Protein chains: 2
Amino acid sequence: MKAKYITIIDIARQLNISKSTVSRALTGHPNVNEQTRKAVLELAASQEYQRNSLALGFSRHKTHTVGILVPEFMSTYFPSVIVGAQTVLQEAGYNVVICQQNESYETEVANIKLLLSYRVDGIIVSHTKETRNFDHFTLAQRIGIPLVFFNRIPEDMNVPGVVVNDYEAAFQAVEHLIKIGRKCIAHLAGPESLVNSRLRRQGYIDALKKYNIPYNPDLVLSYDLTMEKVKIYMKHFLDLATPPDALFAINDPTAIAAMEVVKAAGLRIPEDIAIVGFSNDFSAELVYPGLTTMAQPTSDIGRTAANMLLQEMHAKVMNDYSIKKAPTVTLPTKLIIRDSTVKKEQPSLVKKRKGRI
Amino acid sequence: MKAKYITIIDIARQLNISKSTVSRALTGHPNVNEQTRKAVLELAASQEYQRNSLALGFSRHKTHTVGILVPEFMSTYFPSVIVGAQTVLQEAGYNVVICQQNESYETEVANIKLLLSYRVDGIIVSHTKETRNFDHFTLAQRIGIPLVFFNRIPEDMNVPGVVVNDYEAAFQAVEHLIKIGRKCIAHLAGPESLVNSRLRRQGYIDALKKYNIPYNPDLVLSYDLTMEKVKIYMKHFLDLATPPDALFAINDPTAIAAMEVVKAAGLRIPEDIAIVGFSNDFSAELVYPGLTTMAQPTSDIGRTAANMLLQEMHAKVMNDYSIKKAPTVTLPTKLIIRDSTVKKEQPSLVKKRKGRI
DNA sequence: CAATAAAATGGGAACGTTCCCACGAGAAAA
DNA sequence: TTTTCTCGTGGGAACGTTCCCATTTTATTG
């Protein structure tokens, strides 16, 4: 089974002109007679000519395609970053292909190699939580393919990236809990391997310090972001002699899973335990009670990363980040307060229905 | 700024052998001396050789890449279908690139052309809700690129596809509402242009018929799946002289948005209005009350579509669906009953906390 | 030791496109 | 008229790989 595509040579033959002229006509080159161009375009359209981008990229050493690599896309975070990036890139005339790793390091390496082998012009990436070895990224850099990271940025690489102010965000989240009177605040932290996790944890610690609340390491558990663990850890917190009266969770799914445990234990949110998440996932608004969370400007993150990548790709000379500092943009987060920390009065649930018994 | 890649010719030159031999060594061809192969592989590794897939696909007319086209991926449905498909395809040695259309017809056409121009070996697709003209798909077929549809399948094209039993699913969903005693069931339907919408609507109508409940067209509103509309339409339902005591929504986001309206109106779910959604999105479990919904086997849908595509791609001769019937696989759905239709007793919320005042 | 078979290698075409260079025809300038 | 310029066109190289065919080397057999 073999696909049959029309080529510019087919068109040239039919019109009795050279492939050069056909090429010029199709690419909009000025030096071509208007009648010739018209004839070529018409024939190309009627024969459904599809340019062969393989041949083009191969010959021109530019594919006008960028790859976006994300660790997963079941939460709303990554999809909406992608949509933001895609908008900018498509406007700039670039094609976008997306690869997702299922949080697997091997897939990540394979996908980087895949993109390199397809000679993409640039890559936007957030690495998996498993990634400890960054050789596949430095490889891309060595070859000269611009890379822009977001969300998760390898520490010991000097690469352009877009992040949010994780430290301040965590600080504010915890400060919010303190200001509503909580004194015993637990933290479900992310894996130590991720910078964001460590920054958020530090923000947590420093917020406690600022308000003279002693930091109790027993109230902090790092975990690997698999949902089963949350339930175990949260239960552990509830079983402490002095259980916490608030929880700051590394992200919204964690917070939501924790809420399940709390509710199942018959405790009230926020009265017994107030909960704050991170990212403002779509579901944060939907859960009961609504989840207070630090919103990330996902679309902006994507757009910013895309613009940075465009700049890198258009640079005359490859930016050599072994000698100069790579640009990093930090975007602001915003605390969204919902019922999981501060309860609004409910509309009366017993209001009479109209027109019915 | 130009990327520099090592080529097999570079390697050949350094080892003083021909590019043919290098090619053979790298591709695992039998006719090559073991020592030569070892030398080639070592040099390739140390110089970080990256095969040029453009050249390869260009020369071989096979890219071993398939494209997946989805209308959007903010809900969990499409991402998890993709993950399912990706698993199968990667196991079969195919690369996967994902394109998302933001529900835009123009983007869809552009992306199909993009994939064709990159000479992908096959395409898995669910079209946008805007798509009325399917020329870009028939184009792919004419050229000889296998296509497999899922979820949304163009009616007047005879193409392989994977769907769920939308009609029966809708029937069962409505039957469930009837069995819990509801008599006045509204339906927020999807756009008429989508087959699924029409099938689900018919399932709704026929379920009513079976139980001798008169079908009232005023209780059915088709809409374009934009969230603002839901609120308007739902409010309209509530304002009817005889407002409905149940709602069957075309999908979960619709159902959830409707729940917001119901709750804001001070009505109780499910006592005043029972609600059923469709798809069992991640959020269906998280909302309050939990949303009863027809679960779709998303991962299976993806895996099935991928397997069908593999079969198409491996067919010796292109299947000509202008003369024979294209295979369609229908997968089963499953009703997930949650509190939005049948309330479980709640754990007491006033249970005493231990170890605390 | 010659004859033959098998294994390993080299040479070159092919894939579709762009781009550079050359060339002819006609127009404009000398 | 001759020279110069511009416009439109054609020819061919280049891109990196595979694959087919030819050739050389090595091993095996009579």
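This is a predicted model, so every value here is computed, not measured. Throughout, protein chains are lettered first and strands after them, A, B, ... in sequence-line order, and every chain is numbered starting at 1.
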#### Entry: Q311(A), CD: over 12 other non-hydrogen atoms inside 6.0 angstrom
no
Result for 5'-nearest mapping on DNA chain D, choosing between S18(A) and T27(B), is S18(A)
Chain A vs DNA chain D, heavy-atom contacts under 4.0 Å, first-to-last nucleotide span, 5' to 3', is dG8(D) to dG16(D)
Exercise for the section: Give one of base, sugar-phosphate or nothing for R24(A), where a contact means two heavy atoms less than 4.0 Å apart. Expected result: base
Check: Y5(B) ring centre within less than 6.0 Å of H61(A) ring centre = no
Q. Taking the six-membered ring for Trp, is the centroid-to-centroid distance between Y105(B) and H127(B) below 6.0 Å?
A. no
Quiz item: Under the 3.5 Å rule, do the base of dG11(C) and the side chain of S20(B) count as making a donor-acceptor pair?
Solution: yes
Exercise. Salt bridge or not for E108(B) and R132(B), using N-O below 4.0 Å?
Worked result: no
* To do: Please tell me if the side chains of Y77(B) and S126(B) come closer than 4.5 Å, counting only heavy atoms from C-beta onward.
  => no
Contact check, residues 41-49 of chain B vs DNA chain D, heavy-atom distance under 4.0 Å, returns Y49(B)
Scan L54(A) against the nucleic acid and name what it touches under 4.0 Å (heavy atoms): base, sugar-phosphate only, or nothing.
nothing
Tell me what N16(B) touches on the nucleic acid: a base, only sugar-phosphate, or nothing, going by heavy atoms under 4.0 Å.
sugar-phosphate
From the list V162(B), V159(B), N196(B), L194(B), side chain to side chain contact (heavy atoms under 4.5 Å, CB included) with I153(B) holds only for V159(B)
Practice item. Please work out if T7(A) contacts a base, only the sugar-phosphate, or nothing of the nucleic acid, heavy-atom cut-off 4.0 Å. Key: sugar-phosphate
Judged by nearest nucleotide, the residue sitting upstream toward the 5' end of DNA chain C, S59(B) or T36(B), is T36(B)
D121(A) side chain vs H64(A) backbone, donor-acceptor pair below 3.5 Å: yes
Rounding to 0.5 Å, atoms CG (L56(A)) and CZ (R51(A)) come to a distance of 4.5 Å
For N33(A), which contact category applies under a 4.0 Å heavy-atom criterion: base, sugar-phosphate, or nothing?
sugar-phosphate
Notebook entry, point to check: Would you call K4(A) and E48(A) a salt bridge, using N to O less than 4.0 angstrom?
Noted result: no
Heavy-atom nearest nucleotide on DNA chain C taken for K19(B) and for R60(B); more 5' hit belongs to K19(B)
